[in-house]
Structures are given as structure tokens and as C-alpha cells.
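The structure appears below as C-alpha cells.
One-based numbering, in listed order, for ligands and for the atoms of each. For clarity, every value in this text was computed on a predicted model and none was experimentally measured.
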Amino acid sequence: MRVILVHVRDPQFYALQQGHRGPTGNIQVMGFPPIGIMSLSAVLKRAGHECIMFDQANPETPNEKIIEAIKEQKPDLIGLSFLSTTSYPYAKILARAIRAEVPDAKLAFGGVFATLNALQVKEQCPYVDFICRGDGEQLILDLLDNLQDPSGVQGLTWAKDGKIVHNPDRKLERELDQWPVPDRESLKLDFVESMPLDVPVVLSREKFTTMQTSRGCPWPCIFCDIPIFNEGKWRYRSAESVIEEFKVLQKQGYGSVYFVDDHFLLQPKRIEAICEGIIREGITIKWGVEGRVDSVVQSLFPLMAKANCRIVMFGIESGSQKILDRLRKQQTLEQIEIAVKNAKKAGIEIVHGFFVVGSPDENEDDMKKTFKFAARLPLDTFGFNRLCVYRGTPLWHEYVARGLVNDTDDWYKYFKCSEIDPTCMKGPDINSARAKGLRSLFFRKLFLHPWQTFTLLRRFLRYMPAKDIYTLLSKPFRGKKSGATRAEVLSRAVEHQDMKTNAADLTKVSDEELEAKLQQTANK
Ligand code: B12
């Protein structure tokens with residue numbers, strides 16, 4: 001059977017430069033490849049099906065082109081894959097357009113957001129036939145075998161005789177080694193590695209991709225829904241299977257890989273075996289991971305560095321213990337300090353800190369502590385995002401109980417916590433405290449870690465014009481004169497804050513308004 005899979009996202013986030021091509025002749029896109037659909041494509045092809053993939057990050061395949069391909073190829077199933085609340089509006093638009101032009105198409109949605117909101121999505125999007133929940137590998141095969149009557153397909157939400165049917169959940173698959181290596185080469189796009197994670201600072205021009213070696217994270221942080229998606233479990237692939245994938249990537253010419261695992265730094269034995277395998281097989285690919293600071297794996301940081309691990313990103317969140325406890329991070333400031341120092345001492349080239357600002361019960365003093373703490377740590381890069389709340393997370397449940405969100409009306413909306421929670425600082429105050437914090441962080445970094453600052457700048461300059469670096473770095477210091485961007489500071493600028501805010505706003509408008517807005521953007 002023939003399947004078309006589309007990775008849906010806000011296209012303006014990703015295209016590097018209009019029409020920019022890499023050495024392969026493919027369009028270059030800054031960001032992460034759509035490993036979800038690439039994983040499904042490999043599974044489908046192995047089972048003898050045909051699969052064609054599209055990624056909305058590609059400026060050369062706008063929705064019209066995708067619809068043209070659907071008309072031409074007449075697929076048995078069209079799967080739209082998207083990650084989060086912010087891409088849901090784009091998924092709706094595309095699905096409606098497909099339904100209008102190809103009335104008999106079989107349309108499916110999948111991904112984390114669709115999984116966690118399956119009933120609501122099915123009700124809001126009657127033009128989508130199937131909402132696929134959880135892991136998609138076996139599900140999509142089962143669905144293709146039962147397209148006419150999917151009553152026995154576990155993990156599916158669909159409609160029969162106008163009534164929504166929520167088939168039972170699929171048992172969480174633990175045998176991840178059974179799945180083939182993702183089909184990375186069929187999508188004619190080259191991905192460029194940017195500063196962690198989706199910020200517009202190019203880190204390397206080598207062929208870049210992502211890999212997933214484990215799924216899930218068992219910790220109960222109040223802002224995260226990963227434990228729900230994975231039923232609180234952590235599942236992993238064997239070291240042998242990870243090495244086999246590395247060998248394939250090396251042959252395909254990849255120079256750098258980022259692991260999209262929710263928490264890579266678990267199970268020392270597996271990590272040791274992965275690192276030893278990389279060294280033994282002479283694999284030269286550089287790689288990066290994310291993990292918690294309380295990981296017991298830290299004694300392996302030197303081995304990881306030897307095996308070409310060059311990026312470790314920690315979820316630090318705050319420099320105030322009070323806020324860490326409020327977010328139920330179950331980590332201490334001391335653990336953070338030790339982990340960052342250990343990673344640097346071991347020779348990890350880039351150690352990144354994810355921070356959040358605008359948390360419940362956070363005051364200006366807590367924010368000051370966060371920036372002071374960040375300055376003291378030998379971090380190479382950092383990001384300070386505004387805390388947001390997603391449906392399904394413990395924080396969402398708390399907000400429902402406190403009457404701050406309405407589960408029936410607000411489920412698809414994207415809220416910065418400060419917009420709805422009176423215990424948060426007000427948005428403009430958070431922004432100005434963040435601007436101040438970043439300015440002082442910059443100065444402190446210059447004095448406390450001058451060599452590190454210098455190497456960071458040198459790294460930026462390797463692939464970016466000096467003018468762009470200047471614009472980026474001077475932002476926090478330009479103050480009110482810089483007009484609309486006056487509240488913007490480095491982290492906001494580099495993290496696409498404007499675009500993120502626009503994307504977030506789009507989740508709150510009606511479908512009609514949304515279409516009008518998209519039309520306006522297209523006509524600009
Ligand atoms: C890497 C990543 C990113 C990357 C982008 C990756 C990309 N390809 O574009 C970056 C950094 C850019 C990013 C951005 C954002 N992200 Co993010 N991201 C992730 C992360 C860590 C991994 C995603 C991944 O690659 N998974 C691996 C692949 C194999 O899995 P998958 O895509 O889920 O696909 C599987 C199934 O879902 C299913 N499936 C998927 N599609 C389909 C379709 C069909 C038809 C079928 C049958 C099955 C199916 O089958 C696949 C194989 O099993 C996840 C956490 C997670 N574990 O999911 C967060 C996560 C998805 N992100 C999240 C968020 C909030 C965001 C942002 C909104 C953050 C922000 N404020 O900007 C943006 C939104 C981006 C967007 N356009 O939607 C949240 C979503 C929460 C929610 N409920 O909505 C998550 C869950 C993190 C979290 N802890 O809460 N993200």
C-alpha cells in the first residue's frame with residue numbers, strides 16, 4: 001500500500017536562508033529532521049509498503065505541492081505528524097485543505113499532542129479519520145491492514161456511524177531494537193545543526209541528524225508530559241543496536257548527531273557499552289545528549305568525551321531551590337553545580353543549561369538568584385524560556401483545580417504561566433528582570449570565564465557573519481532604542497521568541513481567523 005507522511009510545523013521557524021543549498025544540492029534547513037515520520041517510513045518500507053515523506057520546513061514543498069502529490073499518488077493513507085500545541089493549527093489547516101480537495105482520502109494524525117488530546121482532537125477535526133495514540137511503528141502497520149474496519153487497532157481514536165470510538169491503548173512496546181534505522185535519506189533536505197536547540201546560531205555545517213536511543217523519563221517535573229506519554233517508564237535500545245545505527249550514519253556521511261532521548265543519562269552499563277562501541281568501530285561522528293544533573297553516569301563523562309560526545313544539555317531550570325522544589329525537579333543546586341563542573345572537567349565541548357523564568361511563586365529575587373547562579377556555573381550556552389503549561393501535565397491539573405484553566409475550552413491553547421497564574425510575576429516584569437539578568441550574566445561571564453566566552457564567540461564566528469553576531473550579542477544592551485525588540489534580550493532573540501509568541505497566539509484563535517492570518521502572511 002502507499003502512504004504519504006507529512007511532518008507539520010511552522011515553516012518560518014526553520015528555513016535557513018531562502019533557497020540556500022548544501023554541497024549535496026539539497027535545500028538546507030536549520031533544525032531537527034522529522035525523525036518521527038522517518039521512523040515510520042522505515043517500518044513501512046520494510047513491510048513492503050511504499051512511503052513518500054514531506055516536511056513543511058522545506059520551502060519548496062508548500063501545502064499546495066503536498067496536495068498535488070496526494071492527487072497524483074493517490075495514497076491509501078495520509079499521516080500528518082506534529083509535536084505540539086503550536087503546530088496543531090497548521091495540522092488542522094492542512095488536513096482541511098486535503099479533505100476539501102481529496103474528499104475520499106484516509107487521513108490520520110499522530111504525535112505527542114494528538115496522543116494526549118485524542119478525543120478532543122477527533123471531535124474538533126471531524127475531517128480527520130484517525131487519531132493515532134502513542135508509538136506509531138506497529139500501529140501504522142495494523143491500521144493499513146484494517147483500514148476499512150479498524151475496530152481492532154489498539155491506540156486508535158476514530159468514528160463509527162458518526163460516533164467517536166476510543167479503541168483501547170496499545171501495550172507500551174519495550175522491544176525497541178526490533179525497529180529498523182529511520183529512513184533519513186529519502187527526504188531530500190539537509191539539516192544544519194544550530195545552537196542548542198532551535199536557536200539561529202549555526203554550530204556546524206556538517207551533515208546533521210538526530211537519533212533516538214531511549215524513550216521516556218520517570219521524573220515527575222510539574223511542567224512535563226513525557227511521563228504520561230510513556231506511562232512513567234523509561235525504555236531503551238541496546239548498545240549494539242545504537243552502534244549499528246551509528247555505523248549506518250557514518251557510511252551515509254553524517255558528521256554530527258543529536259539524541260532526542262528524554263533522558264539519555266541513565267543506565268551506566270549501556271552508556272559505557274555505547275561509548276566503547278563508538279571508539280572500537282572508529283566512529284568519528286560528534287554527538288550530543290540531554291539529561292538530568294543527578295545522573296549517576298557522571299563518572300562516565302570522560303569516556304563520553306573520548307567517544308566524541310561534544311554536547312551535554314542539562315535541565316537546570318532555576319538558581320533558586322524554592323523554585324526547583326515548586327517545579328518538583330527533585331534536584332539541588334549543589335547537584336547542578338557538580339554535574340556542570342564534571343562535564344566541563346571531562347572535556348565536553350558544549351555544556352548547555354536550560355532555564356525557565358516566570359514560574360509559579362517566583363519573585364524578582366528568585367530570578368536574580370537564577371542569573372547569578374548561571375553566571376557562576378561554567379556553562380557554555382544557556383537559554384531562559386518563559387514557563388508554559390500544557391494539557392496533561394501536573395501543572396495543568398493544578399491549574400484546572402485552581403480554576404485558572406478550563407479543561408473543556410482551553411485544552412488546545414498555549415499559555416505562558418504568567419498569563420494565567422497570579423502567583424507568577426507579570427509578563428513585562430519577567431521580561432525586564434530577564435533583560436537585566438542577562439546583561440549582568442554577560443558581564444559576569446566575561447570576568448569569571450573569559451576564555452570560555454572567547455571560545456564561544458569564536459565558535460559563533462565560524463559559521464555566522466560578524467554582523468549577525470553583533471546584532472545578537474548587542475541586543476541586551478540596546479535598551480529602549482531598539483523599538484519593538486526593546487524587551488528582547490539575547491536569549492529571546494536567539495530562541496525565536498517573537499515567532500514562538502506568534503505561534504502560541506495562533507493556538508488561541510478560531511480556525512477561520514487562523515486561515516485569514518495565514519493568508520495575510522502568505523501575501524506579504
Ligand atoms: C526534539 C524535540 C523538539 C525539536 C524539534 C524536533 C522536530 N522534529 O521538529 C525542537 C527543539 C525544535 C522542539 C520544539 C518544540 N517543542 Co519539542 N520536543 C522534542 C522532543 C524532545 C523529541 C521529539 C522527537 O524527535 N521524538 C522522537 C520521534 C521518533 O517520536 P515522535 O515524533 O513522537 O513520533 C512517534 C509517535 O509520536 C508516533 N507518531 C508521530 N507522528 C505520527 C503520525 C502517524 C500517522 C502515526 C500513525 C504515528 C505518529 O510514531 C512515532 C514513532 O513511534 C519531544 C519529547 C518527546 N519525547 O516527544 C519534545 C516535545 C514534543 N516538545 C514539546 C514542545 C512544547 C515544543 C515547543 C512548543 C517548545 C517551544 N515553546 O517552542 C516547540 C514546538 C515545535 C513545533 N513545531 O511543534 C513538548 C510537547 C508537549 C505537548 N503536549 O504539546 C514535548 C513533548 C516535550 C515535553 N517534555 O513536554 N522540540
Task: N/O separation below 3.5 Å, G136 to ligand 1 - done: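 Such a contact does occur with ligand 1.
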Open item on the list: Regarding ligand 1, does S84 bring an N or O atom to under 3.5 Å of one of the ligand's N or O atoms?
Closed with: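 Between S84 and ligand 1, an N or O pair is found under 3.5 Å apart.
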Pick whichever of [options] has a heavy atom sitting closest to [atom].
atom                    : options             : value
atom 13 (C) of ligand 1 : L83, T86, I228      : L83
atom 89 (N) of ligand 1 : C224, A108, P227    : C224
atom 40 (C) of ligand 1 : S87, A91, G111, P34 : G111

Open item on the list: List the residues meeting ring-ring contact (aromatic ring centres under 6.0 Å, His included) with Y236, not counting sequence neighbours, and say none if there are none.
Closed with: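 If we apply the ring-ring contact (aromatic ring centres under 6.0 Å, His included) test to Y236, skipping adjacent residues, the hits are W234.
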TODO: Please list, chain by chain and in numerical order, all residues satisfying ring-ring contact (aromatic ring centres under 6.0 Å, His included) with F113, sequence neighbours excluded.
DONE: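 F113 satisfies ring-ring contact (aromatic ring centres under 6.0 Å, His included) with Y88 once adjacent residues are dropped.
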Task: D262: numbered ligand 1 atoms lying under 4.0 Å from its heavy atoms - done: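 Here the atoms of ligand 1 in question are 55 (C), 56 (C), 57 (N).
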Taking heavy atoms and a distance under 4.0 Å, where does [X] meet ligand 1: side chain, backbone, both or neither?
X    : result
Y414 : side chain
F32  : both
C132 : side chain
L40  : side chain
H7   : side chain
R215 : side chain
P33  : backbone

Open item on the list: Against the six-membered ring of Y412, is K92 placed for a cation-pi contact (under 6.0 Å from the centre, within 45° of the normal)?
Closed with: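 Flagged: K92 positioned over aromatic ring of Y412.
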Open item on the list: Less than 4.0 Å is my threshold; does some heavy atom of G216 fall inside it relative to ligand 1?
Closed with: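 False for this residue.
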Task: Close approach, Y390 and ligand 1, non-hydrogen under 4.0 angstrom - done: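 The answer is yes, since Y390 has a heavy atom less than 4.0 Å from ligand 1.
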- [ ] Indicate the atoms forming the closest heavy-atom contact of A339 with V293, along with that distance.
- [x]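 Of all heavy-atom pairs spanning A339 and V293, the closest is CB-O, 3.5 Å.
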